[in-house]
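See below for the structure under consideration.
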Amino acid sequence: MQSLHPKPTTPINSTKYHYLQELAFQLLPYSRVFLRGTSSKAMQPVIAVNEPVSTRTPRQIDQHIVEIVSDSGEGAQTCGQMFASLCARSGNGIWTVEIIPAEIEPPARSRAGASGYRIRLGSQPVTNAGDTADVVVAFNEQVLYSRIDTKALRPGTIVYLDQSWAEHQAEDIRIKYAEAIKDFDRLGYIVVEIPIERECKKHTDDARRGKNMWVLGLLCALYDLDMDMVRGDIAKRFAKKGEGVIRKNVLLLEDGYDWAVRHTAERFHIPATKSEKPMVVMNGNQAIGLGVMAAGMELCAMYPITPATSASHFLASAFDQVGGFVHQAEDEIAAIGFAIGASYAGKTAVTITSGPGLALKTEFIGLAVMAEVPLVIVVVQRGGPSTGLPTKIEQGDLLAALYASPGDSPKIIIAPATIEECFHFMITARKLAEEFRGPVMVLTDANLATGQQPFPRPKCSEAWLAAPVDQSDWEKEIPPFAWDEETGLSQRPIPGQRGGEHVVTGLAHDRASHVAYESAINQQSMEMRSRKLAVLQSTLKQPAVHGANEGDLLVVGWGSTLGAIEEAVDRVRADGHRVSSLHLRFLSPFEPGLKQIFSRFKNVMTVEINYSDEPGKPYINEESRRYSQLAMLLRARTLMDIDCWSRVPGSPLPPAMIENELRRRLQVMRNA
Amino acid sequence: MQGLKKDWEVEAPPRECSLEDYMGAEPRWCPGCGDHSVLGAVQRLARDKQLQPERTVVVSGIGCSSRFPHYMKTYGFHGLHGRAFPLACGVRSRRPDLDIFVVTGDGDCCAIGTAHWIHAIRYNMDLTVLLLDNNIYGLTKMQTSPTTRPGERSNTHPKGSVLPSLNPIQVTLGIENASFVAQTIDWHPPHLYATIKAAHEHRGLSFVRVYQRCPHYTSHIFAPAQSDPGKVVVMTHPDGIHADEVAMKLFPHRVNHDPSNLEEARKLAKDDEAFIIGLFYKSDECARYDQATSQGIGMTGMEKVAAMERALDRFAL
């Protein structure tokens, strides 16, 4: 077998890596159509009436935000997922958010136990979770409070609430329900009491297990969806449980549908824009799993950690189809060690984790840098520090990813901003790891991990796969670290290659991988490892600005905030303001030309979901203020006065929240 | 070679390797260090078995003994303190064609790497593991290790170690799925060689603890047994370790032990100061995790792309 990698007998020219540009960027500027915020306008009230209203045609709208919320175990998530899938297959754009309690089965009717699903659906592609909900279906009034606490509702939100609690045998429950109804009225919600449990009891003794299908039927009626499609979904989902279960669920579904057609005053229709191309829909963790497969990686070594684990769950269910294996290690350290071992032996492997796992892996990350072993590390960020907010959203691990390893350990860090990018960046990551011979970190977050979004079906290619392990003879004269003096790049011999025998080590070493403590060698090897990042940067394009190329304010973001930032910017631009945004995919090294872009704007600020001190708070002044993480890096990189605005709500930043801040800043700028 | 698929189909003409073909850098261990004799035994085994240097990988952690890979002229991975096992298991996971040795010390294996040691035994992947146990941290200059005997003084316990020592053989025998557990001494080359040879021939994880002299810090622990063979007890059995019979006549004390008898093995292992050498336990019935991890090796690109399309179908709109 011939080696597929040319030996580095000639100096490596960085132009050779231009294909990386295409890989990384062919996907980025695909067209996005942004939804204007109809959801922020109050809706026409909906009144439950007794007369059948089926003759009324559904009102056409261009988008809506729907939430379904229940106690844990009542199936609101299943209902939401099925509803989202239906909308996507009907040709609607969607973005979804899982509402997850920290426990498996928290006490019933408790705020902290709320479990559910948010679906933003629209005529056009949807890029983020949006602002406040238009419609909420709540299985009890207590779980609705949890959504009110997170500001998910607004005056005018239609709330479909199960009224069975009004007749509950326990007096305290009846009182709580009555008080809640008064609260909700005062808050301006349009409460529609519906008999979910009573209706379900016609078909099942255990209403807890049936309500979600009844509500799915209700939603199908409200949004004018194809019932045949959903009947098929139910048959598929419950196939293993037998005909009886399928029939019962279909009955519940149809009953919910009929009830809604007869009793709701208004139904909606969101016209679909069928894509020309074949589409797929999945969440970010599934996209990462599929990306691992499409990249030709054959081993994922992991340890369970929320919210990263579902990527490994998916891989465990599908990896064997492409000859891959998921290793569940005894701990986070062993997981990355196992992956490095497999990578060293020729099969670039992936380890998937979240913040606390990243903390444990840092020593091994340093080893991969030092021994120049290709490796892909996915960090699905959650809230920190420490155990923090395991199921919630934060972008707090950028600096940990970049710096949490002893000594100088330069590494590549990329951050997908969409579900589609979660897939494609895995292919890029493996190639980068191998070409640049070291660890590549892929930072996503809980928002991408659990959010579902349709995107064009990837056309997998053999060119995306890892080359077979090179087992041809190695030219003995070429040392295992034949650093190209200009680029720092080198090719590595893999066990099995005769003539390439050597010992990799985490100790300082020379080109022959011999332990070397000499100062000149240490200086050079540090330089070579660092140079690789500069070489990679030289192959990247200047990122594209969203909006005009110059103006008063530039918003810089990274990761899952892309859709929300751009939607906010578009809203403000629509009012004539000179605001643009820039979204970074490469965080180490940065894409080139940032300073040049920044200099065309009067003000530059980052928007991030991590902590920063707010000016004006006690003790916070120019000397003491701690900036958000990307802002800190950009300030150091550009020596420009880059400001930041960041929040740590544990949830996605709604576009309206960003929009308000942009308007406030513009006002301050005008006044100054 | 077993388990080879397309990735490894390379026609390399076999060649005759001499001892020199396995000798890497000049060892920098202290004169009189037991590690020298273990290195010599492994190099002789490699020559006698004609292991191809390019298909032999020695993985280690950090410590005196973990410098071992540098002194072999094979592939090697000098890893992190305590982490030789995950690295070696990872190497093995997709490479059934390689001969893999793991060299670790009592600090590396029994202190900082304990979790990995226990789970590696359970995984039972095909690895030859040598625990070079000198009862002390040598490289960092004489600190108490888990196998340091009670009362022994060190820089961290100048008044003497206060705890009973951890017995690596007992621990290993207590782990479900242990498949090969043996013990030997570095100062008797025939038994050392025969033990490592039996370990290498075993399919699964073979765990060999070597009582290893540290001339600087623990020579007094091993010197009595080295000068008086009567302090050593040899386990004998037709299914046990077969060292050169003439050389083994040196040891007057023997105990007949059937290595399939786990209960008896645990009883024998109890006395850690008795220098019992030989095979405690061996089973060919244990599950081997590498048979699971290596599944699917050798699928073609075309097959993978076709499988990807099927995987994507699950998400098609």
Side-chain angles (χ1 to χ4, degrees), chain A residues 1 88-89 278-282 286 290 293-294 296 298-299 301 318 320-325 327 329-331 333-334 337-342 344-347 349 363-364 367 454 457-458 460-462 465 468-469 471-473 495-507 514-515, chain B residues 6-10 12 24-25 52-59 62 67 69-70 72-80 83 85-95 97-98 115-116 118-119 292-299 301-305 307-312 314-317:
Chain A
M1 187 192 300
R89 279 176 297 145
M279 303 285 280
V280 285
V281 64
M282 64 187 74
Q286 289 165 331
L290 281 164
M293 291 162 67
E298 290 181 9
L299 186 94
D320 59 334
Q321 295 166 29
V322 291
F325 186 80
H327 168 56
E330 61 269 24
D331 59 37
I333 297 171
F338 198 99
I340 290 175
Y344 162 76
K347 294 287 187 184
E363 191 186 15
F364 257 130
L367 177 68
R457 179 178 172 134
C460 295
S461 140
E462 282 191 64
L465 300 173
V469 178
Q471 296 286 268
S472 58
D473 283 2
Q497 287 193 278
R498 184 179 287 181
E501 295 85 356
H502 69 287
V503 179
V504 295
T505 175
L507 285 166
H514 293 149
V515 176
Chain B
K6 288 201 171 54
D7 278 10
W8 289 278
E9 272 175 10
V10 174
Q52 298 296 293
E54 72 273 13
R55 291 194 183 274
T56 305
V57 181
V58 184
V59 183
I62 295 292
R67 290 298 181 95
H70 291 283
M72 296 284 292
K73 210 196 275 177
T74 62
Y75 279 91
F77 202 137
H78 181 202
L80 296 179
R83 320 294 175 206
F85 284 110
L87 287 169
C89 290
V91 174
R92 171 56 84 212
S93 66
R94 303 295 286 178
R95 293 297 300 264
D97 59 318
L98 301 174
H116 310 313
I118 288 170
H119 287 275
T293 63
S294 57
Q295 275 171 21
I297 283 177
M299 268 182 89
M302 247 160 67
E303 287 170 331
K304 286 184 179 184
V305 169
M308 268 313 295
E309 291 302 324
R310 287 195 296 278
L312 279 167
R314 271 168 70 176
F315 301 95
L317 286 180

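Quick note: numbers below take in every heavy atom, side chains included, and nothing from hydrogens, waters or symmetry partners. These numbers were taken from a predicted model, which means no experiment stands behind them. In what follows, every chain begins at residue 1, and chains take the letters A, B, ... in the order their sequences are listed.
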Straight-line distance of [X] [atom1] to [Y] [atom2], nearest 0.5 Å:
X        : Y        : atom1 : atom2 : result
A:Glu298 : B:Arg94  : CD    : CZ    : 4.0 Å
B:His70  : A:Leu507 : NE2   : CG    : 6.0 Å
B:Thr56  : A:Glu501 : OG1   : CD    : 9.0 Å

**Message:** Which atoms of A:Ala294 are under 4.5 Å from chain B, going by heavy atoms: the side chain, the backbone, both sets, or neither?
**Reply:**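 Both parts, heavy atoms under 4.5 Å.
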**Asked** Where does A:Ala334 contact chain B at under 4.5 Å (heavy atoms): side chain, backbone, both or neither?
**Response**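 Both parts, heavy atoms under 4.5 Å.
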Quick check on [X] against chain A: is it the side chain, the backbone, both or neither that has a heavy atom closer than 4.5 Å?
X        : result
B:Thr74  : backbone
B:Gln295 : backbone
B:Ala311 : both
B:Leu312 : both
B:Lys73  : backbone
B:Arg92  : neither
B:Ala88  : neither

**Request:** Output, in order, the C-alpha distance, side-chain angles, deciding distance and verdict of side-chain contact (heavy atoms from CB on, under 4.5 Å) for A:Gln321 and B:Met299.
**Result:** CA-CA 10 Å; A:Gln321 295 166 29; B:Met299 268 182 89; over 6 Å; no
**Message:** Donor-acceptor check, side chain of B:Arg95 to backbone of A:Pro495, threshold 3.5 angstrom: yes or no?
**Reply:**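 Flag set: sc B:Arg95 to bb A:Pro495 pair under 3.5 Å.
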**Message:** Quick check against the 3.5 Å criterion: does A:Tyr344 have a side-chain atom that pairs as donor or acceptor with the backbone of B:Gly76?
**Reply:**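 Present.
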**Message:** With heavy-atom distances below 4.5 Å as the criterion, would you say the side chains of A:Leu290 and B:Arg314 are in contact?
**Reply:**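 They are not in contact (no side-chain heavy atoms under 4.5 Å apart), so the answer is no.
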**Asked** Is the shortest heavy-atom distance from the side chain of B:Arg67 to the side chain of A:Thr505 under 4.5 Å?
**Response**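 B:Arg67 vs A:Thr505: side chains apart.
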**Asked** Looking at B:Val57, B:Val305, B:Leu87, which has the largest count of heavy-atom pairs under 4.5 Å with chain A?
**Response**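 That would be B:Leu87.
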Non-hydrogen atoms of [X] and [Y] that approach each other most closely:
X        : Y        : answer
B:Gly79  : A:Leu367 : CA-CD2, 4.3 Å
A:Pro454 : B:Leu317 : CB-CD1, 3.9 Å
B:Ala115 : A:Asp331 : CB-OD2, 4.1 Å
A:Ile333 : B:His116 : CG2-NE2, 4.0 Å

**Prompt:** Any idea which of A:His514, A:Met293, A:His327 has the most non-hydrogen atom pairs under 4.5 angstrom with chain B?
**Reply:**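 Top option by heavy-atom pairs under 4.5 Å: A:His327.
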**Request:** Against chain B, work out which of A:Glu462, A:His502, A:Glu330, A:Glu363 has the most heavy-atom pairs shorter than 4.5 Å and name it.
**Result:**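 Max contact count across the listed options: A:Glu330.
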**Request:** With side-chain contact (heavy atoms from CB on, under 4.5 Å) as the test, would you mind laying out the steps for B:Met302 and A:Leu465 before giving the verdict?
**Result:** CA-CA 10 Å; B:Met302 247 160 67; A:Leu465 300 173; over 6 Å; no
**Message:** The test is side-chain contact (heavy atoms from CB on, under 4.5 Å); show your working for B:Tyr75 and A:Gln497 and say whether it passes.
**Reply:** CA-CA 9 Å; B:Tyr75 279 91; A:Gln497 287 193 278; 3.5 Å; yes
**Request:** Could you go through the side-chain contact (heavy atoms from CB on, under 4.5 Å) check for A:Arg498 and B:Gln52 one step at a time?
**Result:** CA-CA 9 Å; A:Arg498 184 179 287 181; B:Gln52 298 296 293; 3.1 Å; yes
